[in-house]
Structures are given as structure tokens and as C-alpha cells.
There are 2 protein chains.
Amino acid sequence: MRGKQRYYCKSCDFHFTINETAVPQENRRPHEVTIMDLAQQLGISKSTVSRALRGHADIHEGTRKMILDLAQELDYQPNPLANALLKRQTNIVGILVPEFRHYFFPTFIMGAQEVLSKAGYNVMICQSDESYETEVANVKALLRSRVDGLLVSITAKTDNFDHFRTVMQKEIPLVFFNRVCPELDTPQVIIDDYSGAFQAVEHLIEQGYRRIAHLAGPVTLQVSRLRLQGYVDALQKHQLPLDQDLIVYHDLTEEHARICTRQLLDLPQPPDAIFAVNDPCAIEIMLIAKERGINIPQDLGIVGFSNDPISAIIEPSLTTVEQPVWKIGEESARLLLEQMEQPTVEKRMLATRLIVRKSSMRKG
Amino acid sequence: MRGKQRYYCKSCDFHFTINETAVPQENRRPHEVTIMDLAQQLGISKSTVSRALRGHADIHEGTRKMILDLAQELDYQPNPLANALLKRQTNIVGILVPEFRHYFFPTFIMGAQEVLSKAGYNVMICQSDESYETEVANVKALLRSRVDGLLVSITAKTDNFDHFRTVMQKEIPLVFFNRVCPELDTPQVIIDDYSGAFQAVEHLIEQGYRRIAHLAGPVTLQVSRLRLQGYVDALQKHQLPLDQDLIVYHDLTEEHARICTRQLLDLPQPPDAIFAVNDPCAIEIMLIAKERGINIPQDLGIVGFSNDPISAIIEPSLTTVEQPVWKIGEESARLLLEQMEQPTVEKRMLATRLIVRKSSMRKG
DNA sequence: CTGTTAGCGCTTTCAC
DNA sequence: GTGAAAGCGCTAACAG
């Protein structure tokens with residue numbers, strides 16, 4: 001049956017067999033139209049069909065047309081699995097994010113997907129749910145699925161990066177975004193967290209706040225550290241004292257944000273403003289402040305980070321640092337694509353912009 | 001080279017060739033460890049290895065252990081592509097949603113993914129961005145990727161269902177959720193939109209509102225029609241007149257929601273309450289009402305649908321109909337899984353619950 | 001310009 | 001209990 005291009009196919013009209021080797025069909029789904037179906041119906045070899053379909057040069061114009069027409073008529077769809085097996089390339093990109101409840105990651109994904117799908121890539125999305133174990137498992141699953149590249153934002157708990165080292169050893173293109181691994185020499189797309197934070201805090205100072213606290217993120221995350229540094233430096237620039245009591249670290253969960261907020265507000269000398277590491281936790285601060293009847297922005301100024309749509313809706317509206325989320329997605333995807341062509345360790349940084357709203361406008 | 005189990009492999013230590021047929025390696029990535037690598041290192045046939053790995057019965061205990069140990073040592077990962085090609089089964093489920101900006105779809109996906117990944121399925125997510133053309137293209141892409149099943153929620157613009165008929169013809173398990181196709185006889189998971197809406201409107205009536213408007217969704221969508229019907233019937237039950245001016249249909253975009261809201265509020269006899277088809281548009285209503293200085297809930301009662309987290313945060317907090325989104329995801333996944341075993345057209349309906357908040361509490 | 005052949009990694013008969 | 005062979009759908013080297 002081999003090498004003779006004889007072919008037997010239950011679901012096609014055009015079939016002829018010589019060797020009736022039992023082909024176990026069992027409960028499998030009927031197959032889609034293949035290159036072989038086309039070849040037989042036209043009485044030519046499947047290589048020729050393949051060539052025509054792939055747009056090779058050395059092919060008779062008439063033959064090509066004939067093949068293309070039939071392919072169209074039968075709605076032939078190449079089987080990407082066969083190709084993937086052969087070429088060791090799936091045209092699938094894995095995206096690994098810590099969560100996608102909030103605004104940031106879904107939007108990122110949309111941006112990335114746009115670029116990726118234009119380049120012919122499908123996307124497989126996994127979320128680690130802020131669990132290190134799940135992250136490791138996801139990386140494994142994605143590798144097993146033979147993705148051609150990986151876009152990842154790590155968990156707040158990730159402090160061992162061996163699973164990413166494996167990816168790098170296998171030379172699978174890898175781009176980190178937002179929550180990156182500084183100790184790994186890989187390409188990444190981040191935003192200017194430091195400047196964003198610096199501006200945010202400077203703005204609070206200009207508005208007359210003097211006891212500015214920082215609800216920080218986990219120190220494990222570079223994003224958190226950079227925003228913290230921006231906060232520290234802005235205070236320093238304006239000769240404000242750095243009070244360690246005013247810096248509290250939370251693990252990015254809402255419950256913990258609430259606990260930390262209470263801790264700040266219960267201080268003997270509570271802060272008159274809080275710079276929050278991101279919008280979701282800034283919202284929690286606002287909720288608690290409102291609960292306690294604290295006047296925002298008069299008694300407490302608040303600034304968040306990321307410009308989550310809620311920040312414009314909540315009252316008072318939340319001053320925040322805008323990040324070009326969609327663009328981060330696009331850039332990350334582009335960087336990944338470039339890296340598939342040629343390995344780099346390029347790091348890209350996108351600008352942020354302070355959006356001043358009511359939660360921090362103490363002066364006119 | 002065939003049938004002799006001779007094998008040549010650049011990246012493995014253990015290689016021997018007889019026939020030096022040029023194997024084009026080109027710029028392909030080095031291959032992962034295969035069943036053949038194991039077989040050779042152990043000097044046995046790949047069939048035996050396969051059997052051991054797959055846990056067959058007829059295999060010598062010593063051989064099995066030997067194989068399993070080596071597999072572990074070399075971190076052998078079966079290549080799902082080979083299997084997919086062979087079995088015509090990818091273990092990938094496609095999820096097709098109209099968007100995932102808002103709360104609903106990301107949460108749904110998380111619920112579905114949980115069930116699916118436990119059952120050994122990966123997930124491929126596509127969004128149609130409320131475009132019929134994109135939806136059709138996505139279905140095609142998902143079919144081309146040979147997904148084993150499909151979870152879909154249609155676009156507001158979808159009025160031709162041929163692309164789903166194709167899916168059904170190919171006998172690929174298909175479950176609709178939330179935004180379903182009533183004219184297609186497929187399994188689906190929905191919530192009790194009618195009762196939810198009915199309760200919501202009845203609640204408004206109990207609160208003393210008498211001129212209740214409905215910011216409806218597109219009539220193309222069954223969800224919209226059911227919620228509309230709930231609205232209509234609740235009015236009727238309480239002998240309130242049905243004023244067509246008080247029913248406006250919008251296409252689920254925020255801009256259009258705003259236009260329709262203005263249209264309602266600009267009526268010679270504006271409504272004293274609005275029941276919105278979902279929370280995102282209820283939010284838009286609130287924003288406009290606040291802009292105009294309309295007092296909520298005194299002058300205007302508002303009820304939404306879906307219990308988006310924002311609804312608890314916005315001020316006044318938004319009364320809404322809660323849907324068990326996560327559970328819808330789980331149920332849809334389960335139904336899909338069941339259908340892969342045995343075709344059904346089962347339709348499941350989950351209950352809703354009215355959450356009364358400030359935006360509709362005119363009385364105590 | 002076209003056909004033959006081999007092989008991607010795996011499972012599954014069919015023999016022994 | 002184990003091996004040989006065939007084949008899933010496709011591409012590409014080689015030969016004519």
C-alpha cells in the first residue's frame with residue numbers, strides 16, 4: 001500500500017484499494033478532505049497537489065488552476081497538525097498570565113492576539129492564578145503542546161525561575177512583560193514604572209500632601225520595586241522624610257490590600273495620602289476610606305496605577321498612572337515575532353502618563 | 001531505513017545509522033526526546049516502549065520499570081501532535097466569545113478552563129469582537145486547528161448560523177452559552193433570563209416606580225428578548241401600561257448605550273426608572289444621570305443585570321441580577337465533555353438572584 | 001514539470 | 001511478552 005499512492009477512503013467517493021489492510025477506524029471522526037483526496041480525484045500525485053497549494057514556482061499553470069479550483073470546491077483545509085509534526089512548529093504562541101479578572105491582562109491579550117493572529121499564529125492562554133505551582137505546571141503544559149513561543153508575566157510568588165530556564169535551554173522564544181524576571185537575560189516589554197511612580201508622588205506633594213504612604217506590591221516583583229523606588233526618590237527630592245511605617249507591602253489580593261490599608265489608617269499618625277501600586281488596590285483603599293467617612297481628597301489623597309476603567313467611574317474619580325496596555329500587548333507580540341526570526345535580548349520600555357482626577361485634587 | 005528501526009538523531013548520544021539518507025534538518029529546532037530515543041537506549045522496540053508508557057497489561061514488569069525509569073530520567077514528554085494526527089483528536093477545546101473586556105466572559109472562561117483542564121483539555125480562546133465576519137473567521141480557524149469541541153457565545157450581529165451548521169455537520173461537539181442560537185438544535189447553558197428580568201422589574205414596581213423604561217439589547221439575541229419579555233410581563237402583571245417609547249434597543253456598545261439613555265431621559269415624559277439589559281450599560285445610565293444631576297434612586301431607579309464587580313463599587317451601588325458566571329463556565333464545560341461521550345441536545349438553565357442595592361431603594 | 005520516497009512521533013494491528 | 005509494519009496528513013529531496 002505504500003509508495004504506490006493507492007488509497008482507500010471510506011468517506012470519499014473516489015476510492016480504490018488493492019491491499020485491503022484493515023485500517024482501524026473505530027470511533028474516530030471521519031477525516032477531512034486531504035491532499036490525497038485532491039490528488040486522486042485529479043489523477044495526479046499528492047506532491048504536485050502540495051506544491052500547487054504551497055504556491056511553488058515549478059508547476060504547470062493548468063495543473064495549478066485545476067488543483068486550486070478543486071481545493072476550493074471541496075473546501076480543502078490543510079491539516080496544521082501534520083505540518084506541525086513535520087516541521088516541529090505549531091504556529092501557536094502561549095500566553096501565561098497570573099490572572100485575568102482585572103482590566104490589565106485581558107486587554108494585554110487582546111493587543112497581543114491582534115498582532116499574533118495577523119502573523120498567522122494562534123494563541124493558547126493559561127493563567128497561573130498567582131500560584132507558583134500552577135505557573136510551573138502551565139509552562140510544562142505549554143511546552144508539551146509545543147508552542148512556538150511564550151509571552152509571560154510571572155506570579156507574585158515566583159522566586160525560582162528554573163521552569164523558564166528550561167524554556168530558554170530549549171531555545172523557545174520567550175518574552176516577559178509587565179512582571180518580568182530581571183535575573184533572566186531575556187527580551188521583555190515593560191513600562192516606565194519608576195517615572196510613573198515618581199510623577200504620581202510628586203503630584204501628591206504638589207497638591208500639598210506631606211505624609212504620603214505607599215501601599216506597595218510584593219518585593220519579589222520588579223514592578224513593585226521600581227514603583228517603590230519612584231516613591232522614595234520623589235519624597236527625597238522634595239525633602240520629605242522617609243517613614244518606614246508608611247510603606248506597607250501586600251500580595252496583590254484584595255483582602256490583603258484591605259488589611260494593609262487599615263494598618264495605615266490606624267497609625268498613630270496616619271498618612272494624608274496614599275500612593276497605591278495599582279488601581280485594584282487603590283479602589284480598596286477608597287472603599288475603606290469611604291466606609292470610615294474619611295474625606296477624599298481633603299483628608300486623604302489617593303493615586304493608583306494602570307488606569308483601570310473603574311478608576312474613572314468610582315467616586316471620587318481616581319487619579320492614576322496610565323499604562324498603554326493594549327500597546328504593551330502589541331509590542332510584546334512583535335518582540336516575540338522578531339525573536340523567532342533572530343534571537344535578541346532586547347528590552348523595550350513604554351512611557352506612562354499621569355491622569356489627574358478628583359481623588360488627589362486638593363487644590364483647585 | 002524503514003521497518004528496521006534504525007535511527008539517526010543528531011541531538012542524541014545514542015545514534016547509529018546505516019543508510020545515510022540526507023535528513024533535511026535545516027533551521028528546525030532540535031527535537032525533544034521521543035519514544036524512539038528510549039527504545040534505542042534500551043535496545044528494545046518502540047512498540048514496547050509505547051505500550052509501557054500507555055500502561056498496557058501485556059508487558060514484562062521489569063521491562064516496564066526500565067522504560068518508565070528512563071522516561072522519567074530523560075523527562076520524556078509525549079508529543080501530542082503525533083497523537084492528534086493519528087487519532088484525529090487534539091484535546092483542545094475552542095472557546096469563542098464576543099469580547100472579553102468586561103467581567104462576564106473572562107470569568108466564564110476561568111470556570112470552563114478549570115473543568116476542562118482537569119479533564120485533560122487545553123483551551124484555545126478566540127474573540128469575535130462583536131463582528132460577524134470575525135466570528136465566522138474564528139470558527140474556521142478553530143476548525144482548521146482541529147479542536148475537539150466548541151464553547152460559543154455569539155455576536156450580537158450574528159443572524160446567519162451556517163458556520164455553526166458546518167460544525168454540527170462535522171459532528172464536532174458544540175455547546176452554546178449565554179448568547180445562544182435558538183434555531184439550532186444544540187446543547188446549551190443559559191440562565192433564567194426571563195425570571196431574572198421579571199423579578200428585577202417587579203422589584204422596581206414594589207419600590208414605587210411607575211414609569212419604568214427598558215434599555216434593551218439587540219433583538220437578535222435571545223437573552224435580550226427574554227429579558228425584554230420578563231420586563232413586559234412584570235409590567236402587565238401589575239397593570240402598568242406598556243409604553244413603546246420606554247423601550248429602546250441598543251447594540252451593547254457603550255456609545256450606543258449613552259445615546260439610548262439620552263433618548264429616554266429626553267422624553268417629554270421621562271421614565272422614573274430604567275431596567276438595563278446588563279451592568280455595563282446600567283453603568284452608562286448612571287453616569288449620564290449623575291452628569292445631569294438626576295438623583296438616583298429618588299428621581300431615577302436603576303437596575304442592571306449580571307452583577308459585574310463594578311456594580312458594588314459605583315455610587316450609588318447598583319441593584320442587579322446576579323448570574324453564576326463561574327458556574328455557567330463549569331456547566332458549559334461539563335456539558336461539552338458529556339457530549340463528547342454521547343451526543344445530546346440537553347439545555348441547562350441556571351438560576352439567577354436579585355441583589356438589591358442603593359440604585360433602586362426609594363423606600364426604606 | 002511531476003512522481004516516488006522517506007519521515008515527522010506515535011499507536012495499533014498482526015505475527016511469532 | 002515483544003517486534004515489525006502500516007499509517008495519520010503533509011513536505012521536501014531526489015530522480016526523471
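Sequence lines set the chain letters: A, B, ... in the order given, protein chains first and strands last, and positions in each chain run from 1.
A side-chain N or O of A/Thr48 and one of A/Ser45 form a donor-acceptor pair less than 3.5 Å apart. A donor-acceptor contact closer than 3.5 angstrom is absent between the side chains of B/Thr344 and B/Glu338.
Distances from the side chain of A/His60 to the nucleotides C/dC1, D/dC10, D/dT11 place C/dC1 closest. The side chain of A/Arg88 sits closest to C/dG9 out of C/dG9, C/dT11, D/dG9. Checked against D/dT2, D/dG7, D/dT11, the side chain of A/Ile35 finds its nearest nucleotide in D/dT11. Closest contact between the side chain of A/Leu85 and the listed nucleotides C/dG9, C/dT11, C/dT5 involves C/dG9. Side-chain atoms of A/Ser47 lie closest to C/dG3 of the nucleotides C/dG9, C/dG3, C/dA6. In this structure, of C/dC10, C/dT2, C/dA6, it is C/dT2 that holds the atom nearest to the side chain of A/Thr63. Checked against C/dT11, C/dT5, C/dG9, the side chain of B/Lys87 finds its nearest nucleotide in C/dT11.
Residue contacts for B/Arg51: at a heavy-atom cut-off of 4.0 Å it reaches a base atom on one of the strands shown.
To the nearest angstrom, P of C/dT2 lies 13 Å from NE2 of A/His56. A/Lys46 places its NZ atom 10 Å from the C1' atom of D/dC8, with the value rounded to the nearest Å. Rounded to a whole Å, the CD1 atom of A/Ile59 is 12 Å from the C1' atom of C/dG3. Rounded to a whole Å, the CD atom of A/Glu61 is 15 Å from the C1' atom of C/dT2. Residue A/Asn79 contributes atom CG, which lies 8 Å from atom C1' of D/dC10 at whole-angstrom precision. If you measure from atom CD1 of A/Ile44 to atom P of C/dT4, you get 12 Å, rounded to the nearest angstrom. Rounded to whole angstrom, the span from the CG atom of A/Asp58 across to the P atom of D/dT11 amounts to 17 Å. Across the protein-nucleic acid pair, B/Met36 atom CE and D/dG3 atom C1' stand 12 Å apart, rounded to whole Å.
Put simply, the residue from B/Arg146, B/Arg144, B/Lys170, B/Arg88 that forms a side-chain hydrogen bond (donor to acceptor under 3.5 Å, both in side chains) with A/Glu32 is B/Lys170.
The shortest distance between the side-chain N/O atoms of A/Ser50 and the OP1/OP2 oxygens of D/dT11 is below 4.0 Å. Between C/dG3 and A/Ser45, a contact under 4.0 Å exists linking OP1 or OP2 to a side-chain N or O. Listed pair A/His31 / D/dG9 meets the phosphate criterion, a side-chain N or O lying under 4.0 Å from OP1 or OP2. For A/Thr48 and C/dT2, the shortest distance from a side-chain N or O to OP1 or OP2 is not below 4.0 Å. For the pair A/Asn83 and D/dT11, the criterion of a side-chain N or O lying under 4.0 Å from OP1 or OP2 is met.
Scanning all heavy atoms of the two residues, the minimum distance from B/Ser145 to B/Met124 falls at OG-SD, 4.1 Å.
A distance-only check finds no donor-acceptor pair linking the side chain of B/Arg179 to the backbone of B/Ser153 [under 3.5 Å].
Aromatic ring orientation, A/Phe176 versus A/Phe164: perpendicular (interplanar angle above 60°, classes split at 30° and 60°).
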